[in-house]
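Whatever order the structure lists ligands and atoms in, that order sets their numbers, starting from 1.
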Amino acid sequence: MGEALRRRLREAGPLGHRLCILVSGSPAWIQASVIALIGALPDPQPVWLTDQPGKCKDRLPLRSATALLGQDIPLLIYDAQSGFDPDGFAAASGAIVGGGVLILMTPPLDPWPRLPDPQAERIAVWPHSAPDLSGRFIERLVRVLRADPRVLHLDQSGGALSDTPVLARDAQPSPTDPEPPRPAERHANRLTQPCTRDQAEAVEAVIKTARGRAHRPLVIKAHRGRGKSAALGIAAGRLMLERDRRILVTAPSRAAVETVFRHAHAVLDSALARHGEPRQRLAFLAPADVASDVPAADLLLVDEAAGIPAPLLETLVAHYGRLVFATTIHGYEGTGRGFDIRFRQHLDRVAPDWRTLELEEPIRWGRDDPLEDLVFRMLLLDAAPAPDARVTATAPQACDCIALDRDRLARDEPLLAQVFGLLILAHYQTRPMDLRMLLDGPNIRILVARHQGLVVGALLAAREGRFTEPELRDAIFRGSRRPRGHLLPQTLSAHAGLPDATEHAYLRIVRIAVHPAAQGRGLGRQLLEAIQQQARNEDMDCLGASFGGTPELIRFWDRCGHRPVQIGCSRNAASGEHAVVSLLGISDTGADLVRRAQARLESALRTLLAGPLRGLDPGVAVALAIRLPAAGQTEGIALSQAQSRELSAFVDGDRSLTASLPLLADLTRRYLGPAVARGELDLESARLLLAAARQLRPVGELVELLQASGRGELLKRLREAARGLQRAAGALDAGASTV
Ligand SMILES: CC(=O)SCCNC(=O)CCNC(=O)[C@H](O)C(C)(C)COP(=O)(O)OP(=O)(O)OC[C@H]1O[C@@H](n2cnc3c(N)ncnc32)[C@H](O)[C@@H]1OP(=O)(O)O
């Protein structure tokens with residue numbers, strides 16, 4: 001075995017550090033080198049990830065990398081010749097145990113040949129093929145790898161690179177060579193016992209939260225590999241053994257809680273007497289389902305909380321007394337920073353006694369592990385925007401909005417970290433693959449708002465649409481073809497029923513973010529105005545966006561001129577939000593498309609609100625309804641005398657709610673927007689009217705929604721709300737009749 005390799009292993013083993021060996025060259029050379037390396041390493045049982053398995057059945061495809069999370073791998077081989085998936089790489093590298101080795105196989109680095117990369121398919125925008133492996137992302141990756149003196153580099157061209165160990169046949173270990181240490185032995189009972197002092201403290205803190213007084217949430221924070229999910233599982237198992245408790249577990253995905261369940265079950269299994277029954281008292285539910293159904297539980301464990309939007313977490317705090325949130329500070333699962341900023345403030349307000357605990361000691365590898373540090377830098381997992389204090393101090397009111405050249409961005413690390421850090425903040429599930437999209441995604445434009453050298457806002461837009469082939473347009477309309485990317489033409493054509501939407505050209509704002517310390521000062525609007533100008537210069541028809549529909553975001557887009565034109569019928573399982581599409585016409589045909597799409601949405605909502613969208617937050621339904629052209633204005637139909645009499649009878653308490661619902665539904669459609677705009681109806685009353693008359697929610701649900709004392713109060717509030725509609729209708733109809 002090469003002396004350099006042996007020395008590194010000897011140094012790394014006792015510290016629990018993991019080693020990265022980069023092997024680059026021709027396919028045959030690196031294959032032979034890796035085989036020699038495997039033979040030379042103390043634990044020759046590799047997990048080999050590649051999309052070029054050859055004749056070897058024991059190799060796993062790259063796409064299965066995320067499934068390795070939670071396993072203990074002493075030797076991982078990642079074959080980047082056949083593709084590089086940043087999400088999978090981050091997950092798989094986290095499965096390598098202390099003292100273990102990562103072998104990264106790459107083609108020759110000078111230059112990396114232009115090979116298509118199937119792993120990058122997710123960021124491809126039809127009709128372009130996926131970016132190849134020689135893009136900016138890979139170039140930067142190579143720079144980071146080469147700059148790290150702790151990476152051992154075996155390169156076919158030899159010489160030029162430092163530390164090239166010899167892998168010749170005669171360099172095999174001799175019987176007199178001391179054995180390098182094996183990867184760290186793991187704790188024998190680690191499924192049922194904490195491995196570190198930090199983890200033991202976390203287990204105790206969870207148990208204390210379950211036993212202690214209500215409304216004292218616990219927040220456990222940790223980098224990956226600190227055993228926070230295991231701590232949740234061990235504590236859950238112990239609590240269920242102690243007494244009959246129902247513990248609910250939620251996380252952005254079922255796969256994310258597999259570790260919690262594995263440890264809880266191991267604790268239960270080790271206490272044989274209680275085997276069986278208690279398992280049923282531990283259940284998983286998606287966050288949105290917990291928030292809407294609020295099933296009874298003695299303790300709610302929320303794992304990977306950073307991957308759940310803050311409003312949903314706030315709902316959980318409102319409904320559950322005993323709660324533990326566990327969150328990764330930086331990771332491919334979603335970043336803890338967004339969680340920290342917004343959710344912390346909420347906890348301070350509603351549960352000021354909340355406690356926090358940080359797990360620092362890694363359990364899978366040693367402190368200051370070089371591989372952890374390397375993966376962070378390769379994928380910018382800890383990218384952060386400019387510090388709040390610096391942004392606050394410069395107090396930007398207006399900024400330069402400039403288009404970024406991506407070649408420059410890829411070479412300017414501080415700039416890249418600030419931009420990516422902002423985008424991470426803007427979306428709770430930003431992943432390493434998004435870094436690759438930022439640098440290599442075809443048809444991507446980036447704008448940044450800068451002030452005194454600081455990035456205070458960023459916008460990412462993708463070009464979509466303008467399909468010319470009639471067959472393809474028809475296939476998209478029928479929903480049988482879904483070209484990757486192209487969300488706007490596809491949604492408008494297949495879901496909103498506007499076949500010609502495929503012919504238009506769009507710039508879709510994939511992401512927009514303003515630094516938290518500079519929000520509410522017009523910078524978001526300024527960025528949108530800048531991209532609008534760019535869209536005009538590029539002869540686009542529309543600007544658009546798709547986002548998790550909250551009343552606040554619908555208002556933001558609307559205030560910037562973007563009208564809501566579509567809402568999805570299903571909600572996102574992690575966020576509980578329905579996707580909303582908004583659109584702004586740039587050309588005349590674009591403006592016409594927006595008008596038609598709005599009319600379609602208005603008409604669709606007539607049936608959807610009482611059907612698939614019956615559970616939609618009425619606040620979101622109001623936010624949409626008041627921004628659609630009111631039928632009362634467009635159709636010019638005034639209240640008939642019979643309707644006027646019926647409405648007065650309801651308002652005066654002479655007619656029942658059930659008998660008045662059809663009329664209230666009609667009037668809400670026609671006058672809700674104008675009534676809110678004229679101040680005749682407040683938003684709370686508008687929500688109530690919409691929930692009652694359009695969503696046809698039962699009285700019990702309406703009482704709960706209003707937090708009213710009972711049916712009597714509900715009816716009183718509904719009659720007051722109807723009076724607001726009556727006033728708006730009277731004023732509008734009087735205006736129409738005098739025209
Ligand atoms: C496709 C997507 O990316 S959707 C996700 C959008 N991004 C995020 O949610 C990330 C976190 N949020 C942010 O970064 C920012 O708050 C943004 C981008 C939403 C808004 O940027 P800001 O600079 O704060 O907005 P700006 O000050 O320009 O406001 C423009 C208008 O929107 C309104 N507005 C802005 N934020 C909100 C809000 N949260 N609720 C209601 N209205 C709002 C403002 O009142 C203003 O209207 P006005 O001029 O009539 O008063």
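- Checked against a 3.5 angstrom limit, the closest N/O atoms of W557 and ligand 1 fall outside it.
- Looking only at protein heavy atoms, the nearest one to atom 13 (C) of ligand 1 is Q519 NE2, 3.3 Å.
- Given atom 14 (O) of ligand 1, the protein heavy atom at minimum distance is V514 N, 2.8 Å.
- Listed by atom number, the atoms of ligand 1 under 4.0 Å from A513 heavy atoms are 14 (O).
- The ligand atoms of ligand 1 that sit less than 4.0 angstrom from a heavy atom of G522 are 26 (P), 27 (O), 28 (O).
- Considering backbone and side-chain N/O atoms, F547 never comes within less than 3.5 Å of an N/O atom of ligand 1.
- If you check which protein heavy atom lies closest to atom 32 (O) of ligand 1, you get F556 CD1, 3.3 Å.
- No salt bridge links R555 with E552; every basic N to acidic carboxylate O contact stays at or beyond 4.0 Å.
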Give the C-alpha distance, both sets of side-chain angles, the deciding distance and a yes or no for salt bridge (Lys or Arg N to Asp or Glu O under 4.0 Å) between R669 and E602. CA-CA 9 Å; R669 259 195 310 271; E602 190 155 55; over 6 Å; no
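- Remark: ligand 1 atoms within the under-4.0 Å shell around heavy atoms of I509 are 1 (C).
- Contact atoms of ligand 1 toward R525: 28 (O), 31 (C), 46 (C), 47 (O), 48 (P), 49 (O), 50 (O) (distance under 4.0 Å to a heavy atom of the residue).
- Distance from atom 39 (N) of ligand 1 to its nearest protein heavy atom, with residue and atom name: E552 CB, 3.7 Å.
- The two atoms that bring L447 and L527 nearest to each other are CD1-O, 3.8 Å, heavy atoms only.
- The shortest N or O to N or O distance between L553 and ligand 1 is not below 3.5 Å.
- Without hydrogens or angle criteria, E464 side chain to L507 main chain gives no donor-acceptor distance under 3.5 Å.
- Atoms of ligand 1 found under 4.0 Å from any heavy atom of R511 (numbered from 1 in listed order, with element): 3 (O).
- Here the shortest heavy-atom distance to atom 24 (O) of ligand 1, taken over G524, G520, S582, belongs to G520.
- Ligand 1 has no N or O atom lying under 3.5 Å from any N or O atom of Q526, backbone or side chain.
- Scanning the protein for heavy atoms near atom 3 (O) of ligand 1, the closest one is I512 N, 3.1 Å.
- Applying the 4.0 Å criterion to heavy atoms of S546 picks out, from ligand 1, the atoms 1 (C).
- A distance of 7.5 Å separates CZ of R411 from CG of D405, quoted to the nearest 0.5 Å.
- Using a 4.0 Å cut-off to heavy atoms of R521, the atoms of ligand 1 that qualify are 27 (O).
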Walk me through it: do H451 and L523 pass the test side-chain contact (heavy atoms from CB on, under 4.5 Å)? CA-CA 11 Å; H451 185 74; L523 297 181; over 6 Å; no
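- Within a 4.0 Å radius of atom 51 (O) of ligand 1, the protein has no heavy atom.
- The single protein non-hydrogen atom nearest to atom 33 (C) of ligand 1 is R555 NH1, 3.7 Å, given as residue, atom name and distance.
- Of the N and O atoms on the side chains of R344 and T356, not one donor lies less than 3.5 Å from an acceptor on the other residue.
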